[in-house]
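Convention: sequence-line order gives letters A, B, ...; per-chain numbering from 1. Remember, predicted model here, so these are calculated numbers, not experimental data.
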Amino acid sequence: MVASSKPVVKTDLAGQTLVTLRTLTEENPASLETYLKLGGYAALKRVVTEKVKPTDIITEVKTSGLRGRGGAGFPTGLKWSFMPRYFDGVKYLVCNTDEGEPGTFKDRDIIRYNPHQLIEGMAIAAYTLGARVGYNYIHGEIWQDYEIFEAALHEAKAAGYLGENLFGTNFSFDLYAVHGYGAYICGEETALIESIEGKKGQPRFKPPFPASYGVFGKPTNVNNTESYTSIPWIMQNGGQAFADLGVPNSGGTKLFSISGHVEKPGNYEVNMGMPFTELLALAGGIWKGRQLKAVIPGGPSTAVMPASAIMGATMDYDGLSKARSSLGAGSMIVMDDTTCMVKALHRLAYFFYEESCGQCTPCREGTGWVYRVIDRIVKGQGKMEDLDLLTDVSNNIAGRTICALGEAAATPVLSFIKHFRPEFEYYIQHGKSMVDGK
Amino acid sequence: MLSPEATTKIDYELTKYPADQRQAAVMSALRIVQTERGWLSKESITEVAQYLGMPEIAAMEVATFYNMYDLSPVGKYKVTICTNISCMLRGSDEIVSHLQNKLGVGFNEVTSDGKFCLKEGECMGCCGGAPLMHVNNTEMHEFLTTDKVDAIIEGLK
């Protein structure tokens with residue numbers, strides 16, 4: 001099998017800084033040939049054959065300022081230092097390519113357009129952490145992209161970049177692709193581990209953390225796809241060069257998935273700290289010449305921002321937290337002035353209700369209550385006290401569950417009502433939307 | 001009984017895991033059997049569990065937990081439309097009503113000729129191509145318009 005994706009839709013790459021999607025400039029971006037032409041696998045070969053000390057690699061990753069790109073933003077180098085160095089048995093490496101939070105679709109482009117850089121990044125991480133086996137867990141619905149990635153794995157193995165005794169050394173690493181089958185919760189790292197083991201994807205209590213008790217009960221390091229894919233560039237160009245691409249506290253580039261009401265939805269890889277207005281311009285601005293109303297900047301688990309709050313913000317961890325939201329996974333959902341916020345929240349509430357794994361009572365019951373209350377508002381049967389009820393129920397989900405889905409489910413409810421309360425009040429009073437009159 | 005083709009594919013998946021962790025392959029095994037038989041009956045799930053040497057109830061838990069397993073017949077073509085926020089903002093409601101009118105079925109119903117079943121999907125992680133739909137869990141169709149939907153449906157014979 002040879003990895004080859006469908007010909008790339010030639011997008012305008014101006015204004016972008018391609019680190020994790022650097023093969024996008026080429027005709028056949030997913031192939032091994034293309035990746036080697038761009039200097040691929042050189043960093044892996046160097047660290048393995050020169051026997052670079054794992055602690056030096058971790059220091060380099062810490063210097064880069066790379067933070068977990070899956071949404072939590074935890075420093076990657078620090079996470080790596082939690083893995084036990086001496087362990088008598090197999091340690092595991094896991095990549096989280098399970099994108100199921102609405103608006104998130106960046107890792108899909110990595111596995112279909114630049115799979116080898118992810119493989120190289122995971123191999124470097126495996127060398128650093130002493131992991132013998134790795135799994136890349138891929139979102140269920142992107143079957144065609146899963147096949148591209150699996151073909152790339154076979155290609156890398158045949159070329160001697162995966163498998164036994166790489167480059168004639170005693171370093172060995174086997175990497176496999178694993179396919180999800182439709183569960184948002186498996187994006188949570190311990191649910192993902194349960195799923196790899198062939199179980200329902202229900203999050204585990206932490207501690208113990210995966211670094212001490214992960215896949216099959218063994219020490220496991222879990223990172224996001226974009227995080228691993230940044231590693232070869234960092235090892236080639238140095239941690240400081242990566243940090244310098246971004247701004248203090250937010251090193252490097254970030255892939256932003258932009259969906260909703262823009263002229264050119266898609267992924268844009270830019271330096272951290274880019275002003276929101278510039279990023280919006282790259283995506284062609286608001287479609288149909290309309291006005292911006294609101295943006296969910298990092299996926300629905302991050303607070304919605306009215307246009308006035310995001311227009312002056314920069315796209316990095318601190319920039320968005322100063323503007324009272326967060327970067328999350330960089331999944332920007334853009335809404336124009338024809339959007340009814342009540343109906344938008346109605347859809348999101350249904351999503352969290354549908355996708356709650358059912359393990360913790362506050363989330364299982366609470367997401368159902370939230371959905372039913374918003375549903376009755378949308379059907380014209382809302383009462384004014386429902387707004388306080390929604391706030392109350394949401395506050396009783398957040399912080400009372402095993403995993404972060406509790407907060408994720410509460411955030412949209414709380415932030416939509418906070419910023420767009422008059423729209424909700426109008427809907428309850430008139431039984432129809434203030435925006436579209438329906 | 002599982003077909004030789006199915007067991008060959010399941011055996012390939014088993015190579016990804018330690019020999020004493022056969023249950024890890026259950027998600028793939030259920031997918032492989034569902035793809036071959038069209039849907040997962042209770043008997044199919046039992047056969048998978050037996051092949052992997054795991055309790056039937058544990059395989060059943062997996063089959064009922066993940067959205068893409070079908071525990072009742074879905075016709076020759078299962079068409080799953082995403083209606084989540086990014087798709088909704090770009091007109092998935094219109095695509096849904098067009099498909100429902102065209103095929104004469106609602107969500108979770110199969111056409112009388114047994115050919116199509118419509119499902120409402122949750123986010124498929126391809127929101128840049130919204131609105132979008134998925135056919136038989138494998139083919140992704142993005143940037144849908146009603147004309148494009150007509151052409152896709154025509155192509156499914």
Step through the shown structure and confirm whether more than 12 heavy atoms of other residues, nucleotides or ligands are within 6.0 Å of [atom1] on [X].
{"X": "B:Lys102", "atom1": "NZ", "result": "yes"}
{"X": "B:Glu94", "atom1": "CD", "result": "no"}
{"X": "A:Lys91", "atom1": "NZ", "result": "yes"}
{"X": "A:Tyr371", "atom1": "OH", "result": "yes"}

Any chance you could lay out the side chain to side chain contact (heavy atoms under 4.5 Å, CB included) test for A:Lys199 and B:Phe65, step after step, and finish with the verdict? CA-CA 9 Å; A:Lys199 300 170 187 162; B:Phe65 186 84; over 6 Å; no
Measure [X] against the heavy atoms of chain A and call it side chain, backbone, both or neither at under 4.5 Å.
{"X": "B:Thr138", "answer": "both"}
{"X": "B:Thr64", "answer": "neither"}
{"X": "B:Met88", "answer": "side chain"}
{"X": "B:Met124", "answer": "both"}

Please tell me if the side chains of [X] and [Y] come closer than 4.5 Å, counting only heavy atoms from C-beta onward.
{"X": "A:Met335", "Y": "B:Leu89", "result": "yes"}
{"X": "B:Cys127", "Y": "A:Thr104", "result": "no"}
{"X": "A:Tyr176", "Y": "B:Tyr17", "result": "no"}
{"X": "B:Arg31", "Y": "A:Trp143", "result": "yes"}

Heavy-atom distance under 4.5 Å to chain B: side chain of [X], backbone, both or neither?
{"X": "A:Ile196", "value": "both"}
{"X": "A:Ser331", "value": "neither"}
{"X": "A:Cys186", "value": "side chain"}
{"X": "A:His139", "value": "side chain"}
{"X": "A:Tyr146", "value": "side chain"}
{"X": "A:Val334", "value": "backbone"}
{"X": "A:Leu175", "value": "neither"}

Pairing donors with acceptors under 3.5 angstrom, does anything connect the side chains of A:Ser195 and B:Tyr66? yes
May I ask you to check whether A:Glu355 and B:Asn67 show a side-chain donor-acceptor distance below 3.5 Å? yes
For side chain to side chain donor-acceptor pair (under 3.5 Å), just list the numbers for A:Tyr350 and B:Thr83, CA-CA rounded to whole Å, side-chain angles, deciding distance to a tenth of an Å, and then say yes or no. CA-CA 11 Å; A:Tyr350 180 75; B:Thr83 58; over 6 Å; no
Top contributor to chain B contacts, counting heavy-atom pairs under 4.5 Å, from A:Arg347, A:Glu99, A:Glu354: A:Arg347
Intermediate values then yes/no, side chain to side chain donor-acceptor pair (under 3.5 Å), B:Asn137 and A:Tyr181: CA-CA 9 Å; B:Asn137 287 344; A:Tyr181 228 54; 3.2 Å; yes
Given A:Glu197 and B:Lys16, is the salt bridge (Lys or Arg N to Asp or Glu O under 4.0 Å) satisfied, shown in steps? CA-CA 11 Å; A:Glu197 294 181 356; B:Lys16 300 177 179 179; over 6 Å; no
Output the option from B:Ala58, B:Gly129, B:Pro18 having the highest count of non-hydrogen pairs under 4.5 Å with chain A. B:Pro18
Does A:Gly198 offer a backbone N or O that forms a donor-acceptor pair with the side chain of B:Gln23 under 3.5 Å? yes
Residue pair B:Glu122, A:Phe351: steps toward the side chain to side chain contact (heavy atoms under 4.5 Å, CB included) verdict: CA-CA 7 Å; B:Glu122 281 305 340; A:Phe351 169 74; 3.0 Å; yes
Electrostatic pair B:Lys119:A:Glu141 at N-O distance under 4.0 angstrom: no
Which of residues 259-268 of chain A have a heavy atom under 4.5 Å from any heavy atom of chain B? A:Ser259, A:Gly260, A:His261, A:Val262, A:Pro265, A:Gly266
Spatial distance of atom CG (A:Leu348) from atom CD1 (B:Ile85) [nearest 0.5 Å]: 4.0 Å
Minimum heavy-atom distance between A:Gly103 and B:Cys123, given as atom pair plus value: N-SG, 4.1 Å
A:Asp436: partners by side-chain contact (heavy atoms from CB on, under 4.5 Å), with sequence neighbours left out: A:Cys340, A:Lys343, A:Ser433, A:Lys438
From CA spacing to verdict: salt bridge (Lys or Arg N to Asp or Glu O under 4.0 Å), A:Arg108, B:Glu142: CA-CA 14 Å; A:Arg108 177 198 187 199; B:Glu142 299 171 77; 3.1 Å; yes
For a side chain to side chain contact (heavy atoms under 4.5 Å, CB included) check, start with the C-alpha distance between B:Met140 and A:Gln144, then their side-chain angles and the critical distance, and finish with the verdict. CA-CA 8 Å; B:Met140 184 68 72; A:Gln144 290 150 318; 3.7 Å; yes
